[in-house]
J.: 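Below you will find the structure I want to go over with you.
Hydrogens, waters and symmetry mates are skipped; everything else that's a heavy atom, side chains included, is used.
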Amino acid sequence: MSISFVRIDDRIIHGQTVTRWAKEYPCDGLIAVNDAAASNPVLKEAFISASEKKTFVWTLAHFKEKEAQVLASKRQYFLITKTPQDMKTILVDFGFVPGDVKKVIVGPANDRPHAVKLGNNQSILPEEAVAFEAIQAQGYQVKFQLLPDVSIGYWNDFKGKFDL
C-alpha cells in the first residue's frame with residue numbers, strides 16, 4: 001500500500017472528490033485515519049461505502065501498526081485524515097514518510113468559532129495552524145486545494161494570520 005496522495009479533509013471521504021483526485025494521482029484505494037470514525041461501526045461503514053475504491057478506516061494506533069505494510073504494498077493509496085493534527089501525528093510524531101509524496105493537500109475545513117477564514121470552505125483554527133507549521137517544518141509543502149483546479153495557495157501565504 002504505497003501512498004500516492006496525502007490529503008486533509010474535514011469530511012474525511014467524499015466520493016465525488018476522491019473520483020476527481022484519482023484522475024490526477026494513481027489510486028487503488030483509500031486509507032482514512034480518524035480515531036472517532038474508526039471506533040464507530042456506523043461511521044466506519046458509511047466511509048467504506050462512500051467510495052468505490054478499496055477503503056480502510058483506521059485509528060492512529062492501527063495506522064502506526066500498519067505503516068511498514070502500507071509502504072511495502074504495490075497498490076497505490078490515498079492517505080486522508082480529518083484534521084491537520086492527525087496528519088501531523090502521522091508525518092511528524094510517527095515520522096512516517098509517504099514515499100515520494102512531499103505535498104499535503106488541504107481540502108474543506110468548515111467555518112467554526114475562532115477559525116480564521118483563508119478562503120471558500122477553508123477556515124483554520126489556531127491549533128490547526130500549529131500542526132501545519134510542524135508539517136511544513138518536516139519538509140512538506142502544505143497546499144490549500146479543494147479540487148485539482150481550485151487552489152488558494154500554500155501555507156506560507158497564510159501563516160502570517162496566526163501567532164506561531
Side-chain angles (χ1 to χ4, degrees), residues 1-112 120-125 127-128 131-132 134-135 138-152 155:
M1 289 186 236
S2 64
I3 302 299
S4 62
F5 180 69
V6 176
R7 180 171 173 88
I8 301 165
D9 186 325
D10 70 3
R11 302 165 304 179
I12 306 177
I13 297 172
H14 186 271
Q16 293 173 332
T17 304
V18 168
T19 300
R20 184 67 183 86
W21 281 106
K23 293 178 180 175
E24 307 292 323
Y25 298 92
C27 179
D28 297 314
L30 312 171
I31 300 171
V33 182
N34 179 263
D35 288 350
S39 302
N40 180 319
V42 174
L43 270 179
K44 186 174 183 175
E45 186 54 40
F47 285 120
I48 288 171
S49 64
S51 171
E52 295 176 0
K53 304 281 186 187
K54 174 71 175 164
T55 301
F56 300 94
V57 181
W58 293 341
T59 62
L60 282 162
H62 191 74
F63 180 86
K64 179 74 173 144
E65 291 170 13
K66 294 283 194 176
E67 65 181 344
Q69 187 179 338
V70 166
L71 291 174
S73 176
K74 296 197 182 334
R75 295 179 188 240
Q76 299 284 307
Y77 284 85
F78 286 6
L79 173 62
I80 305 169
T81 65
K82 180 178 177 70
T83 69
Q85 296 93 318
D86 283 351
M87 190 61 75
K88 179 226 173 234
T89 297
I90 292 169
L91 298 177
V92 179
D93 301 341
F94 292 171
F96 179 77
V97 178
D100 296 333
V101 178
K102 293 294 180 207
K103 192 177 290 181
V104 176
I105 302 296
V106 182
N110 287 321
D111 293 342
R112 296 154 287 167
N120 184 35
N121 204 17
Q122 291 192 302
S123 297
I124 304 303
L125 294 168
E127 57 269 26
E128 293 170 333
F132 287 133
I135 291 167
Q138 193 75 8
Y140 296 91
Q141 288 183 306
V142 176
K143 187 173 187 182
F144 296 87
Q145 191 169 14
L146 297 177
L147 292 167
D149 54 349
V150 183
S151 173
I152 61 169
W155 175 237

J.: Are the side chains of K53 and C27 in touch, meaning some heavy atoms are under 4.5 Å apart?
T.: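 Yes, at least one pair of side-chain atoms sits under 4.5 Å.
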J.: Would one find more than 12 heavy atoms of other residues, nucleotides or ligands at under 6.0 Å from atom CG of D100?
T.: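 No, the 6.0 Å shell around CG holds no more than 12 heavy atoms from other groups.
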J.: Which heavy atom of A32 sits nearest a heavy atom of I12, and at what distance?
T.: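 Where A32 meets I12 most closely, the heavy atoms are CB-CG2, 3.6 Å.
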J.: Do any N or O atoms from the side chain of D35 and from the backbone of T59 form a donor-acceptor pair under 3.5 angstrom?
T.: no
J.: Judged by atom type as modelled, is there a donor-acceptor pair below 3.5 Å linking the side chain of S39 to the main-chain atoms of A36?
T.: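 A pair under 3.5 Å: no.
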J.: Quick one: CD1 on I3 to CD1 on I80, what's the gap to the nearest 0.5 Å?
T.: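 Here the rounded value is 9.5 Å.
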J.: Once rounded to the nearest 0.5 Å, what's the spacing between atom CG of L30 and atom CD1 of I13?
T.: 5.0 Å
J.: Using 0.5 Å steps for rounding, measure from the CZ atom of F63 to the CZ atom of F96.
T.: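 Result: 4.0 Å between the selected atoms.
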J.: Given 3.5 Å as the limit, does a donor-acceptor pair link the side chain of S51 with the main chain of F47, or not?
T.: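 Checked: no pair found.
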J.: Should we say atom CD of E127 is surrounded by more than 12 heavy atoms from elsewhere, each under 6.0 Å from it?
T.: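 For E127, atom CD is crowded (more than 12 foreign heavy atoms under 6.0 Å).
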J.: Take the angle between the ring planes of F56 and W58 and call it parallel below 30°, perpendicular above 60°, tilted in between.
T.: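 Rings of F56 and W58: tilted, as their planes differ by 30° to 60°.
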J.: Which heavy atom of G107 sits nearest a heavy atom of R7, and at what distance?
T.: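 Minimum heavy-atom contact is CA-NH2, 3.5 Å.
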J.: Has Q122 got a side-chain atom pairing as donor or acceptor with V106's backbone, closer than 3.5 angstrom?
T.: yes
J.: With rounding to the nearest 0.5 Å, note down the distance linking NZ in K88 to OG1 in T81.
T.: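 Separation between the atoms: 12.5 Å.
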J.: Which atoms form the tightest heavy-atom contact between I124 and F144, and what is the distance?
T.: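 Result for this residue pair: CD1-CE2, 4.0 Å.
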J.: Nearest 0.5 Å, please: how far is CZ in R75 from OG in S2?
T.: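 So the gap between those two atoms works out to 11.0 Å.
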J.: Assess the residue pair L91 and I135 against the criterion (side-chain contact (heavy atoms from CB on, under 4.5 Å)); give the C-alpha distance rounded to whole Å, side-chain angles, the decisive distance to 0.1 Å, and a yes or no.
T.: CA-CA 7 Å; L91 298 177; I135 291 167; 4.2 Å; yes
J.: Take V33 and L79 through the test side-chain contact (heavy atoms from CB on, under 4.5 Å) and record every step on the way to the result.
T.: CA-CA 8 Å; V33 182; L79 173 62; 3.8 Å; yes
J.: Is there a donor-acceptor pair closer than 3.5 Å between any side-chain N or O of K102 and the backbone N or O of Y140?
T.: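 Absent.
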J.: What are the two closest non-hydrogen atoms of R20 and L147, and how far apart are they?
T.: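 Heavy atoms only, the tightest pair is CG-CD2, 4.0 Å.
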J.: Passes side-chain contact (heavy atoms from CB on, under 4.5 Å), Y77 versus K54? Steps please.
T.: CA-CA 9 Å; Y77 284 85; K54 174 71 175 164; 4.0 Å; yes
J.: Strictly distance-based, threshold 3.5 Å: is any side-chain N or O of S4 a donor or acceptor partner for the main-chain N or O of P26?
T.: yes
J.: What about W21 and F78, are their ring centers closer than 6.0 Å?
T.: no
J.: Which heavy atom in V42 sits nearest to a heavy atom in N40, and how many Å separate them?
T.: N-OD1, 2.9 Å
J.: Output yes when a side-chain donor or acceptor of R112 lies under 3.5 Å from a complementary backbone atom of S123, and no otherwise.
T.: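 Between the backbone of S123 and the side chain of R112 there is a qualifying donor-acceptor contact (under 3.5 Å).
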J.: Nearest 0.5 angstrom please: L146 CG to D9 CG, how far?
T.: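 One finds 8.5 Å between CG of L146 and CG of D9.
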J.: Has the side chain of E128 got a donor or acceptor atom that lies under 3.5 Å from a matching backbone atom of L125?
T.: yes
J.: On a heavy-atom basis, which atom in V92 and which in A134 lie closest, and how many Å separate them?
T.: CG2-O, 3.6 Å
J.: Could you tell me if the side chain of F5 sits less than 4.5 Å from the side chain of Q76, heavy atoms only?
T.: no
J.: Would you call I8 and V142 a side-chain contact if the rule is heavy atoms closer than 4.5 Å?
T.: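 No - every pair of side-chain heavy atoms lies 4.5 Å or more apart.
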